[in-house]
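No hydrogens, no waters, no symmetry mates; every other heavy atom, side chains included, goes into these values.
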Amino acid sequence: MSSSTTNPELFSGLTEIDKIATDFTIRLTEYTYLPKVAEPRRDWVASVAVPAFVAHGATNTVKKFATIGTGGGLDAVAALEVFDLEKLAITDLHPAVVAAATHNIKAAAGGNPALAHTIQNLIALPGDICTPLAQEAGQFDLIYENLPNIPIDAVHIIDAGQTSSTYVPVRTEIIPPVATDNLLALHWLALRQARHILSPTGAIISSMGGRVPISSMIQSEPEEVIGGYKKNQEAGMGPFYFYPASVLESTFKSLSPAAAGLDAANIERQIAPHRLDAVEAYQAYKTGTTVAHTVVVVRSTPAF
C-alpha cells in the first residue's frame, strides 16, 4: 500500500474544481496503476474518463453513477466533480483495491456538505464486473468501465502484484469469438451485465484502447501492455495497432474528444499509413520511439 498527495486539477483535466478538495492524499495498492499526475496524456482519467463524462453530461442528467473496476477510485472522484450525484457505486475485483478507493473518494470529498449524503451512502463492493451490484436493478443513469484487455497467464499471478491491464482468462460464459479474438471479452461481458442495473434511460460508457479495427493516448506501462498485445498477436489474435505518438499528437491536437468521435472512421483512414502492429510497436518502443494508441469510448444504451 502506498500513499501520495495529489491536486485534482492535475489528474482530472478539469480547469475548475468546485466540489472536491483541491489537495488530498490517495492510497494505492500494488494492484492499481499510479495516476499519471505529471503526464495527463498517459492517464485514463484525465485523457479519457473526464472528457467522456463532460460530453455525456452535456445532454444527459446523471444522478446515479457506478464505475466498474475502479482501481484507485479516481474515475469516481471525477464523476463527483462533473455530475451532481445522489448515488455513487464502485466495484473492483480485489477487496484491498475497493478499500483504498473508498478512502480516496472520501478524501477527495473533503467534508464538503454538498457531497455528504452521496459519500455516506457510497456503495463499495468487491467482485467480478457488475455482479456485486446485482441488487441495484434498474438504478443507474450512467455506468463507466475501463476494464483490462489482456488475459493473464496464470491465475496465481493475479495475487502477485500490479495487474491492472490484465485479467484471469478462465470464464464460464459463452463469449463470441469477435470479442475474445480482439481481447475485448470483459467489455462484452460488462455490456451484457450492465443492462440489468441501468435505468430505462441509462447508458454505459466503455473505455478501451483503440488498438483494434477517437482522442489519443500515449501508451502507459509500454513493456507490460505492448508486450502483452505482442504475445497475443503472435498467438494468432488481432492484429492490434499502435502508432508513433507524434502522429497522433499532430492528428488530434485541434480536435475535442467529441469531435474526434464523430469523425472516427475518417481519422482512422488518415492515420492508417502510420500504424504499427503489436510486434512492430514493441520493436519501435525498444528502439526509443514513444508509442501511442487511439482510444475508443463507446456509449451504449439498453434495449428493453
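A salt bridge is defined here as a Lys NZ or Arg NE, NH1 or NH2 lying under 4.0 Å from an Asp or Glu carboxylate O, and K87 with D141 fails to meet this definition.
With sequence neighbours excluded, no residue satisfies salt bridge (Lys or Arg N to Asp or Glu O under 4.0 Å) with D277. Take D263 and apply the side-chain contact (heavy atoms from CB on, under 4.5 Å) test, not counting sequence neighbours, and it matches N266, I267.
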Between E280 and R275, does a salt bridge (Lys or Arg N to Asp or Glu O under 4.0 Å) hold up when you go through it step by step? CA-CA 9 Å; E280 295 167 334; R275 70 188 184 187; over 6 Å; no
Walk me through it: do F53 and F83 pass the test ring-ring contact (aromatic ring centres under 6.0 Å, His included)? CA-CA 8 Å; F53 295 169; F83 306 120; 5.6 Å; yes
Take Y243 and H274, measure what ring-ring contact (aromatic ring centres under 6.0 Å, His included) needs, and give me the verdict at the end. CA-CA 6 Å; Y243 303 84; H274 304 282; 8.1 Å; no
Working for side chain to side chain contact (heavy atoms under 4.5 Å, CB included), residues R195 and L191: CA-CA 7 Å; R195 68 185 304 272; L191 290 175; over 6 Å; no
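Cluster membership check: L74 shares its hydrophobic cluster with V54, using side-chain heavy-atom separations under 4.5 Å among Ile, Leu, Val, Met, Phe, Trp and Tyr. Placement of V279 and Y241 in two distinct hydrophobic clusters is found when ILVMFWY residues are connected by side-chain heavy-atom separations under 4.5 Å, directly or transitively.
In this model, a donor atom of one side chain and an acceptor atom of the other lie less than 3.5 Å apart for T67 and D75.
A distance-only check finds a donor-acceptor pair linking the side chain of Q233 to the backbone of A278 [under 3.5 Å]. In this structure, the side chain of Q193 engages the main chain of C130 through a donor-acceptor pair within 3.5 Å. Side-chain atoms of T287 come within 3.5 Å of backbone N or O of Q283 as a donor-acceptor pair. At least one donor-acceptor pair under 3.5 Å links the side chain of E81 to the backbone N or O of D18. Side chain of T131 to backbone of D128: a donor-acceptor contact under 3.5 angstrom is found. At distances below 3.5 Å, at least one donor-acceptor pair connects side-chain atoms of T29 with backbone N or O atoms of Y31. E145 contributes no side-chain N or O that, together with a main-chain N or O of G69, makes up a donor-acceptor pair within less than 3.5 Å. Remark: side-chain polar atoms of T251 are paired, donor with acceptor, to backbone N or O of V247 under 3.5 angstrom.
Note that CG of L147 and CG of L184 are 11.0 Å apart. Values are rounded to the nearest 0.5 Å. Here T91 contributes atom OG1 and I68 contributes atom CD1; the two are 4.0 Å apart, rounded to the nearest 0.5 Å. If you take CG on L198 and CD1 on I143, they are separated by 4.0 Å, rounding to the nearest 0.5 Å. The CG atom of L276 sits 9.0 Å away from the CZ atom of F242 when rounded to the nearest 0.5 Å. To the nearest 0.5 Å, the span separating NE2 on H196 from CD on E136 amounts to 15.0 Å. Within the model, atoms CG of L125 and CD of Q135 stand 10.0 Å from one another, a figure rounded to the nearest 0.5 Å.
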Counting only pairs under 3.5 Å, give me each side-chain donor-acceptor contact of residues 99-108, with atom names and distances, residues two or more places apart or in other chains.
unit_1: T102; atom_1: OG1; unit_2: V98; atom_2: O; d: 2.8
unit_1: H103; atom_1: NE2; unit_2: R27; atom_2: NE; d: 3.4
unit_1: N104; atom_1: OD1; unit_2: R27; atom_2: N; d: 2.6
unit_1: N104; atom_1: ND2; unit_2: R27; atom_2: O; d: 2.9
unit_1: N104; atom_1: ND2; unit_2: G72; atom_2: O; d: 2.8
unit_1: N104; atom_1: ND2; unit_2: A100; atom_2: O; d: 3.3

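Within the 4.5 Å cutoff, the side chain of I123 has no heavy atoms near those of the L88 side chain. Taking the side chain as every heavy atom from C-beta outward, V77 and F24 approach each other to under 4.5 Å.
Between S207 and the options V45, V298, V48, a side chain to side chain contact (heavy atoms under 4.5 Å, CB included) holds for only V48.
In this structure, K230 satisfies the cation-pi test against Y282, with its NZ or CZ atom closer than 6.0 Å to the six-membered ring centre and inside 45 degrees of the ring normal.
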